[in-house]
Amino acid sequence: MAQVPDKPSLDGLEDKWSKVWEAEGTYRFDRTATRERVYSIDTPPPTVSGSLHVGHVFSYTHTDTVARFQRMRGKAVFYPMGWDDNGLPTERRVQNYYGVRCDPSLPYDPDFRPPEEPPKQALAVSRRNFVELCDGLVKQDEEKFEELWRHLGLSVDWGMTYTTIGRESQRISQRAFLRMLARGEAYQAEAPTLWDVDFRTAVAQAELEDRETAGAFHAIRFRKADADGDRPDDYVVIETTRPELIPACVALVAHPDDERYQPLFDSQVTTPLFGERVPVLAHALADPEKGSGIAMICTFGDLTDVTWWRELRLPARPVVGWDGRLRGDPPVAHWSERAIAAYGELSGKTVKQARERIVELLREHGDLLADPKPVTHAVKFYEKGDRPLEIVTTRQWYIRNGGRDVALAHALLERGRQLHWYPSYMRARYESWVEGLNGDWLVSRQRFFGVPFPVWYALDDDGEPDYDHPLVPSEDALPVDPSSDVPDGYTADQRGRPGGFVADPDVMDTWATSSLTPQIACCWEDDADLFSRTYPMDLRPQAHEIIRTWLFSTVVRANAEFGDLPWRDVAISGWVLDPDRKKMSKSKGNVVTPMGLLEQYGSDAVRYWAASGRPGTDTAFDEGQMKVGRRLAIKILNASKFALGAIGDGAPGGPDAVTEPLDRALLAVLADLVDEATAAFESYDYARALERSERFFWGFCDDYVELVKQRAYGVAGEDAAASARATLRLALDTLLGLFAPHLPFVTEEVWSWYREGSVHRSAWPDPAPLRAAAGTDVLVDTYPVAAGVLGAVRKAKSEARRSMRADVDRVVVYDTADRLTALAAALDDLREAGRVAVVETVVADTPAVEVELAEPDAA
RNA sequence: GGGCGAUUGGCUCAGAUGGUUAGAGCGCCGCCUUCACACGGCGGAGGUCGGGGGUUCGAGUCCCUCAUCGCCCACCA
């Protein structure tokens, strides 16, 4: 046991205790615990290709308070940390950091070293070299992240970290994929796909966002095919924001009930400039209110085009290539020379350039009927992208997620209802997402730093891959990299040869791996013993904006593999907002670094701010709250120091020593507080638990400690002193326990002054002994009434501008008979604390306190 | 367009299942160098709870409606 310091301080507690916790294995998971004793947490693996900001500190603190609570409740807490280093964000960071780009056609260079300074022109490196650079950089990042988390005091078992690009994750990710493939839940299809032209990869519905973008309506005339003159009546006018797609036009479409266009249905028109004959068709999705009420269908301008194209069984005339430029060859072979020349004006241009050029051409030909009408409209973007998405037909892998299967969608909605949501209203986001799915989950990405699809294709005699019968490895061979590993029955030299094989070139989307974090953390199939003790997990903590991605996809995977939920509870945390109510921005987050805050205010203080944010609620970034937290932590040091000084070195009395009515009343109130804090934590309301504990604690310091101070020193005799000391000891133990999940450093520091072991391994406060000490006949009001009178005495002294030590001649308390009876037992304490000579009580309907101060000393 | 959430003193927030004069903290003002705490303590001023209507003996707390803000979702040519 350590000494109580003369001058307790918060400085250095983080270093001191994080070292001790590491050395003692305080947070190590007990692998012998059976499932019902385990509390397992599916911690979000932070993206390491960036920096941790205060938003991370905020939400990870929430989870940590819950972990600490459950640990004190006697659970073996399974709380591993993962690092999400897989995927595009890491690729982008590596490209910028080293000034390189990946060129998969290059051979591996084992001696490659990145340049000291990033070159102006990005250096092309092989895929394997690129992946090695990624691996190296993420390791550096992960070390920094771990340091911050330790400083913050996350009670993670640091012996159990995983990374989403690690071997284990790749194995589990590939295994889960192969099983879905075998069950028909994963499939590939060649279909129109949302495509980012800068990243040159397909993207999934979950990664889309709409952005208001400036555009313009162009009124364009299409000549009726059977027109014999050049009268206005010979034309149909459409309005479009994408005139550059006219060469990709395959039909016009109007609503079946639209009388303006009914006569035209099934007739033909010709496209301007290109003279292609296309039909006029009817479809209910066409909106008579929009534009001129008739639209051109192109392959493909937007998702509605895809629907029309599919349902009306139209031909495809794609013009936009993978690079976002118009393709070199015209989409139709039989075009006239004039049409081919017109297309030649567009080919090779970006979509934007082509649009400008075709508008000029249309104007020259008189097919543009008016100046373009500027509009602002919502356009789909990849959430990490800079240019609007195009729709390109490609072969991709999909996982069934209910987007094309009503029965599966219902099953997943049902899973959502089985899950316990905290706060409960967050479930609405899950449901609206599932109900709005418009296709299966596209999981393949044409990128490099990710988990490869464990698949090869046999090449026929012409060297064409047989996509319908993919070659797969056995599970015990996983993980595989098909670009270097060879499928069973083939030799390496058959790669790419007719009659040989070829690797699937794609990697899985990040979410395809992170949707398996419960399986990865719990070591599915790789450690059956651990898995049986930890899975399905107890808690998924996460932010609300990734309900549609991370949460939903995790449910999809667990439902497919195990027919069950991956966890019982989900706790949704809010965002950190700037003081001006905007989501905390990256730039802002870099100005205010988490480590700077932790050093300035102390980790407990920053945790206090975080833990004050109620579950699911966006919270303003507020250094003022950190100051308050720091003050609370210091108060805990000092109040504990006093309490321990008053208790003295002798063995503390147990509950039996508590005899004084005021002491018994305090413990009764404290027992209620324990119940309230426990209930709050059980429903993940760490903020409520903190707020109630804090409120009690300040009253405890201001009122109770002041009331019993003199008695504890012995002015009222040994028994009365022993009662106060035993109560102080019980209250101190209890309060440290209640605060331990929120303020782990200061509570551990105080605990070490007078107890063995860690407060974080001690039992969560139990109200039963407190109630036993209070007794069944306790007058609970004794404490609040006495505290109220003491407050009135203080107020009188303060208003008289006198010292709190000033003497008081007489106090008269007016109150109800019951409350005065409760107060009676604490009158001696009240006189000592307030330096009051005489206290009188008068039964009255209206409570009041009269205070007569003594004359100040003439001196 | 649909849905969810929020709207309480200058600021940031509490106010379970409706019930005495609506609570904190910050900031502000004043006082107190008190033997746990000057990285302090004590006290004060300051809101009638976004607007309107309703239910009720009684509403910040339930219902309706409007407004503003934020977020989620949606096949916006």
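Protein chains get the first letters and strands the later ones, always in sequence-line order, with residue 1 at the start of each.
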What nitrogen or oxygen pairs link the protein and nucleotides 16-21 of chain B at under 3.5 Å?
from   : atom 1 : to        : atom 2 : distance (Å)
A16(B) : N3     : Arg688(A) : NH2    : 3.1

Quiz prompt | Nucleotide nearest Phe642(A) (side chain, heavy atoms from C-beta), chosen from A36(B), G40(B), A14(B) | solution = A36(B)
Quiz item: Given that Asp622(A) and Asp685(A) both sit by RNA chain B, which one's nearest nucleotide is further toward the 5' end?
Solution: Asp622(A)
Expected rows: protein N/O vs nucleotides 71-75 of chain B N/O, under 3.5 Å:
from   : atom 1 : to        : atom 2 : distance (Å)
C71(B) : O2'    : Arg429(A) : NH1    : 2.9
C71(B) : O2'    : Arg429(A) : NH2    : 3.1
C73(B) : OP1    : Arg548(A) : NE     : 3.1
C73(B) : OP1    : Arg548(A) : NH1    : 2.7
A74(B) : OP1    : Gln205(A) : NE2    : 3.1
C75(B) : OP1    : Asn438(A) : ND2    : 3.3
C75(B) : O2'    : Thr304(A) : OG1    : 2.2

Exercise. Could you list the residues that satisfy side chain to side chain contact (heavy atoms under 4.5 Å, CB included) with Thr299(A), not counting sequence neighbours?
Key: Ala248(A), Val250(A), Trp309(A), Arg317(A), Pro318(A)
Quiz item: Is it true that a side-chain atom of His742(A) and a backbone atom of Tyr686(A) form a donor plus acceptor pair closer than 3.5 Å?
Solution: yes
Quiz item: For RNA chain B, what dot-bracket results from Watson-Crick or G-U pairs at under 3.5 Å, with [ ] for crossers and | for inter-strand partners?
Solution: (((((((..((((.....[...)))).(((((.......))))).....(((((..]....))))))))))))....
Self-check item: Pairs involving residues 623-639 of chain A, ordered by first then second residue, that meet side chain to side chain donor-acceptor pair (under 3.5 Å) (sequence neighbours left out)
Solution: Tyr601(A)-Glu623(A)
Quiz item: Going by modelled atom types, is there a donor-acceptor pair between the base of C37(B) and the side chain of Lys635(A) at under 3.5 Å?
Solution: yes
Self-check item: Output field: ring centroids Trp575(A)/Phe58(A) closer than 6.0 Å
Solution: no
Self-check item: Spacing of Glu706(A) atom CD relative to C37(B) atom P, expressed in whole Å
Solution: 11 Å
Self-check item: Distance in angstrom units between Glu691(A) CD and G25(B) P, rounded
Solution: 11 Å
Give me, pair by pair, the N or O atoms of the protein and of nucleotides 31-35 of chain B that are less than 3.5 Å apart, along with how far apart they are.
from   : atom 1 : to        : atom 2 : distance (Å)
C35(B) : N4     : Arg805(A) : NE     : 2.8
C35(B) : N4     : Arg805(A) : NH2    : 2.8

